[in-house]
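Because only heavy atoms are used, hydrogens play no part in the values below, and waters and symmetry mates are left out as well, while side chains stay in. Quick note on labels: first sequence line is chain A, next is B, and so on, each numbered from 1. No experiment lies behind these values; they were computed from the predicted model shown.
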2 protein chains.
Amino acid sequence: MNVIDNAGVLAISTRLQRLAEQLRKDGVLIYKDHGIDFEPKWFPVIFVLHNKGVLSVVEIASEIGYTHPSTITLLKELEKEKLIKSGRDKTDERKRLIHLTEKGKELVSKMGPVWSLMIRTITEITNTTNNLMRAIDEVEAVLQKKGFAERALELKSKTKKKKPE
Amino acid sequence: MNVIDNAGVLAISTRLQRLAEQLRKDGVLIYKDHGIDFEPKWFPVIFVLHNKGVLSVVEIASEIGYTHPSTITLLKELEKEKLIKSGRDKTDERKRLIHLTEKGKELVSKMGPVWSLMIRTITEITNTTNNLMRAIDEVEAVLQKKGFAERALELKSKTKKKKPE
DNA sequence: CAAATATACGTAGTTGGCTACGCTTCCGCA
DNA sequence: TGCGGAAGCGTAGCCAACTACGTATATTTG
């Protein structure tokens with residue numbers, strides 16, 4: 001057993017990141033095994049476009065919870081892959097409206113079974129005493145109310161005030 | 001409610017990463033608030049050196065679960081901060097032995113109360129129906145036995161074999 | 001004991017997200 | 001109605017991990 005696993009909560013960020021990386025890499029392998037040329041990082045954009053049809057850059061970013069520059073980078077890649085197309089919004093010249101191409105739509109339907117396989121596998125993996133997905137949901141909800149740093153500083157001052165003058 | 005939150009498990013990697021990033025950034029703020037110039041990413045290295053005394057580069061990497069190049073980058077930063085020092089192993093000229101400096105040891109004891117505060121805060125945050133730390137422990141254990149991709153491909157072939165000719 | 005293999009470390013370049021900043025277009029209000 | 005702030009998009013550059021590859025020393029083996 002290595003030390004970091006015992007260091008516990010202080011290395012939580014590190015461990016989350018490691019786990020994320022591990023799953024992402026295996027995701028690539030699974031797509032590849034099904035003969036599909038698709039990167040897991042594209043999933044959020046493709047999925048939201050599949051569900052909502054036509055969206056602007058900022059709308060996509062907001063839906064998938066990314067910043068808009070990150071989203072733009074993804075969109076560039078997807079456009080190069082000819083999975084999406086975009087054009088100006090006629091009623092609002094600032095906006096770029098994005099939608100799936102035919103190739104994109106075909107890919108989505110081809111990926112259906114793979115997604116279903118992944119979902120079943122992840123469900124199997126995370127079906128432990130403490131369910132990882134639900135734990136993430138819960139922690140995200142807690143943090144949305146008040147962040148980590150804010151809570152810590154609050155807890156600090158509370159402790160200090162234990163013995164008020 | 002945005003779509004990605006519903007897409008559920010398929011975006012698990014993305015969500016883990018986001019959470020990790022969020023916690024790391026707030027970690028910086030907490031150290032800063034205590035007047036300590038320390039980056040959360042340094043924690044694993046410093047902590048393992050604090051616990052084990054003297055280690056080589058590869059030993060540290062293995063202990064903290066990083067690749068050795070990542071570890072080397074961290075070591076360079078820590079050496080610049082004069083928190084660690086290193087020298088050649090006399091019995092094995094390939095090895096570099098790393099240890100904390102006096103400044104490093106002082107910093108560790110100065111950070112004690114901060115770590116304790118962080119531990120209490122994270123415990124508070126993750127003390128939900130599904131405990132995040134325990135969920136990570138459990139999933140890591142499951143994945144160690146057999147990875148995500150391996151499980152998926154296995155599940156696939158099992159399903160296919162349902163109707164053997 | 002020399003050659004092949006393995007181990008330890010280092011460098012270079014990639015990746016997938018981010019922030020900071022700037023430009024254009026839109027809209028509300030004086 | 002025109003102008004100042006807001007909204008949408010884009011670029012540049014950062015960050016913290018990674019992989020791929022190279023070099024030097026150690027170890028194993030024919």
Peer 1: Once you round it to whole Å, what is the distance between P of C:dC18 and CZ of B:R24?
Peer 2: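 That distance rounds to 12 Å.
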
Peer 1: Base, sugar-phosphate, or nothing: which does B:Q22 touch, judged by heavy atoms less than 4.0 Å apart?
Peer 2: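 Nothing, no heavy atom under 4.0 Å.
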
Peer 1: With a 4.0 Å cut-off on heavy atoms, is B:T73 in touch with a base, just the backbone sugar-phosphate, or nothing at all?
Peer 2: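 Result for B:T73 = nothing.
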
Peer 1: Counting side-chain heavy atoms from C-beta on, which of D:dG8, D:dT25, D:dA16 comes nearest to A:K95?
Peer 2: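 Closest nucleotide among those given: D:dG8.
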
Peer 1: Give a yes/no answer on whether the side chain of A:T67 brings an N or O atom under 4.0 Å of OP1 or OP2 in C:dG17.
Peer 2: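 Answer is no, no contact under 4.0 Å.
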
Peer 1: Provide, to the nearest angstrom, the distance between the NZ atom belonging to B:K41 and the C1' atom belonging to D:dC18.
Peer 2: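 Rounded to whole Å, this separation is 14 Å.
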
Peer 1: If we ignore angles and hydrogens, is there a donor and acceptor under 3.5 Å between the side chains of B:T121 and A:R151?
Peer 2: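 Judged by distance alone, the side chains do not pair up.
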
Peer 1: Between C:dA8 and B:R96, is there an OP1 or OP2 to side-chain N/O distance shorter than 4.0 Å?
Peer 2: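 For B:R96, the contact criterion (side-chain N or O under 4.0 Å from OP1 or OP2 of C:dA8) is not met.
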
Peer 1: Is A:F148 close to B:M118 at the side-chain level, that is, under 4.5 Å between some pair of heavy atoms?
Peer 2: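 Side-chain contact under 4.5 Å: yes.
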
Peer 1: Base of D:dG8, side chain of A:H68 - is there a donor-acceptor contact under 3.5 Å?
Peer 2: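 Absent.
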
Peer 1: Toward the 5' end of DNA chain D, which comes first, A:E21 or A:R88, by nearest nucleotide?
Peer 2: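 Its nearest nucleotide being more 5', the pick is A:R88.
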
Peer 1: Just N and O in the side chain of A:S70: are any of them under 4.0 Å from OP1 or OP2 of C:dC18?
Peer 2: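 Result: yes.
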
Peer 1: Please report the distance, rounded to the nearest Å, between NZ in B:K90 and C1' in C:dA8.
Peer 2: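 To the nearest whole Å, that distance equals 18 Å.
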
Peer 1: In terms of ring plane angle, is the pair B:W42 and B:F38 parallel, tilted or perpendicular, where the classes change at 30° and 60°?
Peer 2: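 Rings of B:W42 and B:F38: perpendicular, over 60°.
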
Peer 1: Are the side chains of A:T14 and B:P44 in contact, using a 4.5 Å heavy-atom criterion?
Peer 2: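 SC-SC contact between B:P44 and A:T14 confirmed.
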
Peer 1: Quick one: the side chain of B:R94 and the base of D:dA24, do they pair up donor-acceptor inside 3.5 Å?
Peer 2: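 No pair found.
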
Peer 1: Measuring from the side chain of B:P69 (C-beta onward, heavy atoms only), which nucleotide among D:dT25, D:dT19, D:dA16 has the closest atom?
Peer 2: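 Comparing D:dT25, D:dT19, D:dA16 against the side chain of B:P69, the answer is D:dT19.
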
Peer 1: Out of D:dC18, C:dG16, D:dT11, which has the shortest distance to the side chain of B:Y66?
Peer 2: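 Per side-chain heavy atoms of B:Y66, the pick is D:dC18.
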
Peer 1: Does the side chain of B:K25 get closer than 4.0 angstrom to OP1 or OP2 of D:dC15 through an N or O atom?
Peer 2: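 So the side chain of B:K25 is outside the cut-off, no N or O lying under 4.0 Å from OP1 or OP2 of D:dC15.
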
Peer 1: So what does B:E59 hit on the nucleic acid, given a heavy-atom distance under 4.0 Å: a base, only sugar-phosphate, or nothing?
Peer 2: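 Answer is nothing: B:E59 stays at 4.0 Å or more from every strand.
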
Peer 1: To the nearest Å, give me how far apart CD (A:E77) and C1' (C:dG16) are.
Peer 2: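 Rounded to the whole Å, the gap is 9 Å.
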
Peer 1: Taking the minimum atom-to-atom distance to the side chain of A:L74, which one of C:dC9, C:dG17, D:dT11 wins?
Peer 2: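 Taking heavy atoms from C-beta onward, the closest nucleotide is C:dG17.
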
